[in-house]
Structures are given as C-alpha cells and as structure tokens.
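Note that the coordinates shown come from a computational prediction; the quantities given were computed from them, not determined experimentally.
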Amino acid sequence: TGASSGDYIDNDLAQANAISWRAPYQGGKILRDQINRQEVEYVDMHLSHVAQTVEAGFFGKVDVAVVEATHITSDGRVYLSASIGASPTWLACADKVIIELNHCHSPRLSEMADIFIMPPPPIRSPINVHNPLTKIGFPYAHVDPKKVVGIVENDEPDQVVAFSQEDETSRKIADNVIEFLLNEKLAGRIPSEFFPLQAGVGNTANAVLAGLGRHPDIPPFYMYSEVFQDSMMDLIDTGKLLGASATSLTIVPEKLKQIGENMDFYNRKIVLRPQEISNHPGIIRRLGVVAMNTALEIDIYGNVNSSHVMGTHVMNGVGGSGEFARNSHLSIFMTPSIAKGGKISSVVPMVPHVDNNEHSVQVVVTEQGLADLRGLGPLERAEKIINTCAHPAYRPYLKDYVAQGHKNGH
C-alpha cells in the first residue's frame with residue numbers, strides 16, 4: 001500500500017511479481033498493466049478512509065510495515081521524511097516494522113510534520129484545524145520499539161519526475177478557471193482574502209496554479225491540499241502562496257534539496273499531515289476549500305470519470321478528488337475537450353465509470369469554456385456543458401443524444 005509510491009517501489013515490485021493486492025492508489029505503468037490484466041487485485045479507495053479501515057481490521061492483520069524515516073529514537077519516536085501518508089497507522093498496526101533511514105533527506109523535514117492520530121469512533125472530539133497552517137500534533141510518529149526488527153540505511157532521493165511544460169490547452173483551461181474565480185470574487189462569493197485552494201496532481205492542475213500565481217488580481221492565498229507539487233514551491237518563493245498543508249512533498253529532488261537547505265524559511269510555510277487529516281471532510285468543509293481536480297472525461301450531466309479509461313482500464317485511482325469535491329466550497333473539474341488527437345471526446349453522453357457524481361460537481365472546465373452548473377436541472381446542465389465545454393466537432397452528436405433520448409422524464 002501507499003499512494004504515489006513511484007517507480008522504484010511500485011514498478012520494481014511489480015516487475016518481480018511481488019504484489020498480489022494493492023490499495024488505495026497507484027502510479028506505476030507496469031503495475032497498472034498487471035492490475036488491468038487481473039494479475040493484481042486493486043482496491044481503489046478514498047485516501048482518508050485507509051487508516052480507519054486498517055485500524056478496524058477490515059483488511060486483516062498487518063504483518064510487516066516498511067516505513068521511510070530520517071531518524072528513530074530508542075523510545076520509538078519515528079521522524080518521517082518527505083511523506084506522512086498513512087505511515088503512522090502502519091507503525092501502530094503492523095506486527096513487525098522495518099525502518100528505512102534515508103540520509104538523503106534533511107533531518108529537519110520533521111519540523112514540517114504535524115502528526116495527529118484520531119481515536120476510533122464513536123467518541124471523537126472535533127479536529128481543531130481552523131487555518132491551513134494550524135498544528136495540533138507532534139513532529140514524529142510512534143512505534144513500539146519491540147516491533148522494530150530491522151533498520152536499513154539508504155541515501156537515495158525520491159524519484160519524482162517534473163511535469164511537462166504548459167501547452168496551449170492547459171493555459172486556456174487555466175485562463176477559464178482564473179476568470180471564473182475572479183468573477184466569483186467580484187460578486188462577493190469569494191472573500192477578499194480568498195479561500196484556501198486544493199489542486200489535484202498533473203500538468204493541467206500545475207498550469208492552473210502557475211496561472212493563479214502570475215495573475216495580478218489574484219491575492220496571496222493558502223492551500224489545503226493532498227500533495228505539495230513543484231508549482232506550489234514556486235508560488236511560495238514569490239510570496240503568492242502564503243502557506244500550504246499537504247500529506248507529502250511530491251517535488252523533484254532539486255526542490256526537495258532546496259527546502260532542506262532553507263528550512264528556516266519553509267518550515268513556517270508548509271505543514272505535512274497524515275492523509276486521514278489532510279483529506280478529512282470536516283476540515284475541508286470548515287475551511288471552505290476551493291477544489292480543482294482533473295478528469296479523464298465528464299458527461300453532459302456533470303458526472304466525472306477520473307480513474308478508468310473507457311470505463312474498464314484503471315489509470316491511477318480516485319485518490320483524494322472525491323473527498324475534496326464532495327466537501328469543498330466550490331468543486332471544479334478540468335479536462336481537455338478531446339483526447340487522442342481529437343479521435344475521442346472528453347465530453348460524453350454518460351461516463352462509463354463514475355468517480356464523482358453530478359451532486360458533487362459544481363463547475364466543469366475545458367479549453368473551450370467553463371460551465372457553472374449550480375442551480376441547473378439535468379437538461380439545463382446538458383445544454384450548458386455541450387455549448388461551452390464540448391469540442392465543436394462533437395457538439396452535434398451530443399445535442400442529438402439529448403434530443404433523442406430525453407423527450408420525457410427528469
């Protein structure tokens with residue numbers, strides 16, 4: 001298990017046929033092919049559900065956990081590295097633990113960590129996070145020292161690949177999102193200090209963040225998100241991003257090294273939490289997060305498929321998009337209007353796999369335009385999405401579908 005664990009975990013293990021079951025998200029091509037050939041069982045989950053599911057014993061006993069850290073003490077304090085994820089849960093639940101001490105990471109990364117473990121239901125107090133940078137926990141996780149059966153030393157950077165450069169399509173999508181947010185601010189529906197933002201992983205989300213950073217009318221803002229990406233570091237350096245909360249630093253090795261060498265600056269700007277907290281519905285709702293996630297395709301009613309190509313072949317997984325979309329103040333989904341050089345429309349009559357349904361999706365965006373779906377009934381949504389988001393080459397087909405298939409009924 002893991003989230004975006006990288007090639008040197010997912011693909012190396014898959015190549016050795018060492019994985020039989022995987023959750024809650026994956027990003028390796030070799031592993032993806034094995035999953036789609038039904039050689040590996042894959043459970044696609046909302047990230048904030050993982051810890052409670054494991055602690056409750058639904059997946060059975062955890063035999064061994066391998067957890068990366070920068071330091072471990074004799075009394076069991078484990079100072080994690082560039083990712084918190086669900087590592088505190090594995091340390092608590094596993095019968096045996098192997099700690100990988102990675103000396104490539106700065107030991108000061110723990111200054112960003114805020115590790116808070118929720119007690120099991122039904123008795124839980126409110127989570128007192130009232131600002132993206134609020135800290136309520138400890139800079140370390142804990143393990144029973146008797147369970148640690150090995151410590152392996154390493155000196156290897158994370159294998160994070162930089163996103164490709166912005167293209168014309170992603171820039172147009174970014175422009176449409178920025179124009180919408182500025183209009184919302186002008187209408188008084190976004191306060192002058194702005195709402196915290198969340199952005200999914202990928203080139204389109206990266207382009208949107210870069211565009212927000214460049215625009216003079218977008219005020220400095222905070223982020224309450226799942227991963228801390230390259231573009232977010234650039235925004236912190238320019239002062240546009242006031243601070244960010246995430247569960248991992250998913251940035252290229254050069255930028256990770258830059259953080260370690262300038263920790264007195266970055267440790268006041270970045271907080272890393274367990275994914276159960278970074279993706280917690282109550283905090284997302286309380287802070288009024290504006291969620292911006294990417295889709296593989298959307299249908300004319302606002303349903304979103306973000307995980308399965310043609311409805312059957314998994315790409316990476318739903319990740320945290322559902323938790324942010326369902327609980328955000330504004331839920332935005334972005335996708336180019338066409339794929340495969342125009343052979344496929346990304347706006348379809350009905351998505352073959354639904355990750356986020358029409359009740360959770362408020363705004364859809366392509367390079368063609370933006371459709372604000374708030375307050376619209378099904379046929380109104382269909383008309384809006386077709387006329388503003390679909391590629392002109394596919395609009396007649398979509399309009400014909402509406403005319404033929406929806407003469408009666410809601």
Side-chain angles (χ1 to χ4, degrees), residues 167-184 187 189 200 202-205 207-208 211 290-313 315 318 321-322 325-326 328 330-410:
D167 58 16
E168 185 179 358
T169 298
S170 61
R171 275 195 297 271
K172 286 182 178 178
I173 292 173
D175 289 343
N176 290 334
V177 172
I178 292 166
E179 182 183 4
F180 169 75
L181 293 176
L182 287 173
N183 286 337
E184 288 294 290
R189 291 187 286 267
N203 291 322
T204 300
V208 170
V290 175
M292 303 180 293
N293 289 286
T294 54
L296 290 175
E297 59 185 346
I298 58 175
D299 70 25
I300 56 177
Y301 308 106
N303 299 296
V304 167
N305 171 22
S306 57
S307 65
H308 285 71
V309 176
M310 309 301 284
T312 56
H313 280 59
M315 275 294 288
V318 68
S321 65
R326 176 69 185 90
S328 62
L330 273 173
S331 172
I332 302 171
F333 277 91
M334 309 168 288
T335 182
S337 65
I338 51 176
K340 302 295 182 184
K343 295 178 182 177
I344 299 175
S345 174
S346 299
V347 179
V348 297
M350 297 185 77
V351 290
H353 178 93
V354 180
D355 290 299
N356 292 280
N357 65 45
E358 61 187 83
H359 308 297
S360 302
V361 179
Q362 295 169 308
V363 178
V364 296
V365 193
T366 70
E367 82 284 359
Q368 300 293 326
L370 180 145
D372 183 351
L373 308 179
R374 292 173 295 178
L376 302 184
L379 291 179
E380 290 178 313
R381 289 198 296 270
E383 181 179 357
K384 187 83 168 179
I385 291 171
I386 293 170
N387 290 334
T388 60
C389 296
H391 192 280
Y394 287 95
R395 287 176 188 171
Y397 300 102
L398 295 167
K399 289 179 179 178
D400 184 59
Y401 174 87
V402 172
Q404 295 298 319
H406 293 78
K407 293 179 180 177
N408 300 297
H410 184 266

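- Taking both residues in full, the closest heavy atoms of Thr388 and Ala371 are given as OG1-CB, 3.5 Å, listed atom of the first, atom of the second, then distance.
- A heavy-atom distance below 4.5 Å is found between the side chains of Ile385 and Leu373.
- For Ile338, the side chain to side chain contact (heavy atoms under 4.5 Å, CB included) test picks out His391, Tyr394, with sequence neighbours left out.
- Partners of Tyr401 according to the ring pair (Phe, Tyr, Trp, His ring centres under 6.0 Å) rule, which considers only residues two or more places apart in sequence or in another chain, are His406.
- Sorted by first and then second residue, the salt bridge (Lys or Arg N to Asp or Glu O under 4.0 Å) pairs involving residues 391-404 (not counting sequence neighbours) form an empty list.
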Audit row: Thr204, Thr335, side-chain contact (heavy atoms from CB on, under 4.5 Å) steps and yes/no:
CA-CA 8 Å; Thr204 300; Thr335 182; over 6 Å; no
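- Remark: Ser306 pairs with Asp355 by the side-chain hydrogen bond (donor to acceptor under 3.5 Å, both in side chains) rule, at least two apart or across chains.
- With sequence neighbours left out, the ring pair (Phe, Tyr, Trp, His ring centres under 6.0 Å) criterion links His353 to His308.
- The minimum heavy-atom distance linking Pro349 with Asp299 is given by the pair O-CB, 3.5 Å.
- With sequence neighbours left out, the side chain to side chain contact (heavy atoms under 4.5 Å, CB included) criterion links Lys343 to Lys340.
- With sequence neighbours left out, the side chain to side chain contact (heavy atoms under 4.5 Å, CB included) criterion links Val402 to Ile300, Leu379, Ala382, Ile386.
- The stretch residues 355-379 participates, sequence neighbours left out, in no ring pair (Phe, Tyr, Trp, His ring centres under 6.0 Å) pair at all.
- Gln362 pairs by the side-chain hydrogen bond (donor to acceptor under 3.5 Å, both in side chains) definition with nothing, not counting sequence neighbours.
- At distances below 3.5 Å, not a single donor-acceptor pair connects side-chain atoms of Asn356 with backbone N or O atoms of Ser360.
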Step by step, work out the side-chain contact (heavy atoms from CB on, under 4.5 Å) result for Phe180 and Val365.
CA-CA 10 Å; Phe180 169 75; Val365 193; over 6 Å; no
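- What you find for Ser331 and Phe333 is that their closest heavy atoms are OG-CE1, 3.6 Å.
- Identified under the side-chain hydrogen bond (donor to acceptor under 3.5 Å, both in side chains) test for residues 170-179, with sequence neighbours left out: Asp167-Ser170, Glu168-Lys172.
- Side-chain contact between Val351 and Val304: absent, with no pair of heavy atoms (C-beta onward) separated by less than 4.5 Å.
- Applying the side-chain hydrogen bond (donor to acceptor under 3.5 Å, both in side chains) rule to pairs touching residues 367-378 yields Glu184-Arg374, Ser337-Glu367, Asp372-Arg374, sequence neighbours excluded.
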